[in-house]
There are 2 protein chains.
Amino acid sequence: MSATISRLKPAASVSKSVDFSNLDFDNCPVRDLLNHIGGKWSTLLMQALAEKPYRFGELRRMVPDISQRMLTQTLRDLQRDGYIHREVFPTKPPSVEYSMTPLGQALYRPLLEVINWALDNHDAVKEARQRFDAEV
Amino acid sequence: MSATISRLKPAASVSKSVDFSNLDFDNCPVRDLLNHIGGKWSTLLMQALAEKPYRFGELRRMVPDISQRMLTQTLRDLQRDGYIHREVFPTKPPSVEYSMTPLGQALYRPLLEVINWALDNHDAVKEARQRFDAEV
DNA sequence: CCGTATCCGGCTTGATACTG
DNA sequence: CAGTATCAAGCCGGATACGG
């Protein structure tokens, strides 16, 4: 592992520095985070919970093609990273409500920028793909 | 597949609408995009190329633990989606330069917000994990 | 120098069945 | 209702060898 490129270039760069020397998932925050929210269901659930809290079964119905196993696991991962809060109400039968934490809301702000970009530019990407596939 | 939640809520929401009815990767721009940049190497290469164009071998040296196979494949995927441009110089032996396209630069702007958030909040996430793991 | 082809192990995901 | 347990399938990513 070696080499570092500066993000604090003289001119137009706004960012900090990209360190290419410690790229393990544990040491690289970016890869660590993107590896999680890049999962198959994470962002979808973040979008749902960004609006308002939901219960397990509600989420299950909102995302019909998710398996119970993956819903549980994804929610647990998001909870573990501190993005969502899990509250058990001792009703009978018990109900569990999931809601965004302040940290999750903070993450959702920049994440929403990417989401909106994706929505706005999906056609451009699809066209690029068609061009690429055509010439090969 | 069913259900749609509005992103145009009366109050503080800035966004469009999250459609939970068509969630196939082909139809859902967000999942489509995040599925790609969530890959193991994509964001890393985007960060490198956001700074300036690089040649294949340079990228290989910058990210020492990437295999040649994955470097080729990731670059191909990014090129296919229209984020980066691939230019072959008929030198001897041939050299290939990769550079960001306008589309790639456009994507990198919101992506950088997420990257910076990750850098700023990695400690908070790690603490949340420790708390979670401790109580279980 | 810049790739492709092939093989293969492991993690992620899904289906199904079962519990408090 | 809200999970857990178990097992099997599939894709991702890595190692290696070869080609233009």
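Within every chain, numbering begins at 1; the chains are lettered A, B, ... in the order of the sequence lines, protein sequences first and strands thereafter.
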Assert: residue with more 5' nearest nucleotide on DNA chain C, out of A:Gln73 and A:Pro94, is A:Gln73
When rounded to whole Å, the CG to P distance for the pair B:Asp65 and D:dG13 reads 13 Å
Of C:dT4, C:dG3, D:dA2, the nucleotide closest to the side chain of B:Phe56 is C:dG3
Rounded to whole Å, CZ of B:Arg76 lies from C1' of C:dA5 at a distance of 13 Å
Q. Any Lys/Arg nitrogen of A:Arg129 or B:Asp32 sitting under 4.0 Å from an Asp/Glu carboxylate oxygen of the other?
A. yes
A:Leu59 CG to D:dG3 P, in whole Å, measures 10 Å
Whole-Å distance, A:Leu75 CG to C:dT13 C1', equals 16 Å
The residue among A:Leu71, A:Thr74, A:Leu44 that forms side-chain contact (heavy atoms from CB on, under 4.5 Å) with A:Leu59 is A:Leu71
Between CZ of B:Arg31 and C1' of C:dT13 the distance, given in whole Å, is 12 Å
In whole angstroms, the gap separating P of C:dC11 from CG of A:Asn35 amounts to 13 Å
CG (A:Leu78) and CD (A:Gln73) are apart, to the nearest 0.5 Å, by 11.0 Å
Testing C:dT4, C:dA15, D:dG13 for proximity to the side chain of A:Arg69, the answer is C:dA15
Picking from C:dG14, D:dG13, D:dC1, the nucleotide nearest the side-chain atoms of A:Met70 would be C:dG14
Smallest heavy-atom separation, A:Arg86 atom then A:Tyr98 atom, equals NE-OH, 3.3 Å
### Task
Please determine if a side-chain N or O atom of A:Trp41 lies less than 4.0 Å away from the OP1 or OP2 oxygen of C:dT12.
no
d(A:Arg55 CZ, A:Phe89 CZ) to nearest 0.5 Å is 9.0 Å
Practice item. Would you please confirm or rule out a distance under 4.0 Å between OP1 or OP2 of D:dG20 and any side-chain N or O of B:Lys92? Key: no
Side-chain contact check for B:Ser95: nearest option of D:dC1, D:dG3, C:dC2 is C:dC2
Tell me whether the side-chain N/O atoms of B:Arg60 come closer than 4.0 Å to OP1 or OP2 in C:dG3. no
*asked:* Please confirm whether the shortest side-chain N or O distance from B:Arg55 to OP1 or OP2 of C:dC2 is below 4.0 Å.
replied: yes
Under 4.0 Å, heavy atoms only, any strand: does B:Tyr98 hit a base, just the sugar-phosphate, or nothing? sugar-phosphate
Quiz item: Just checking B:Gln68: base, sugar-phosphate only, or nothing, at a heavy-atom cut-off of under 4.0 Å?
Solution: base
Rounded to whole Å, the CD-P distance (A:Glu97 to D:dG3) equals 12 Å
Atom CG of A:Leu44 and atom P of C:dT13 are separated, to the nearest Å, by 13 Å
Check: B:Arg86 side chain N/O closer than 4.0 Å to the phosphate oxygens (OP1, OP2) of C:dG3?
Finding: yes
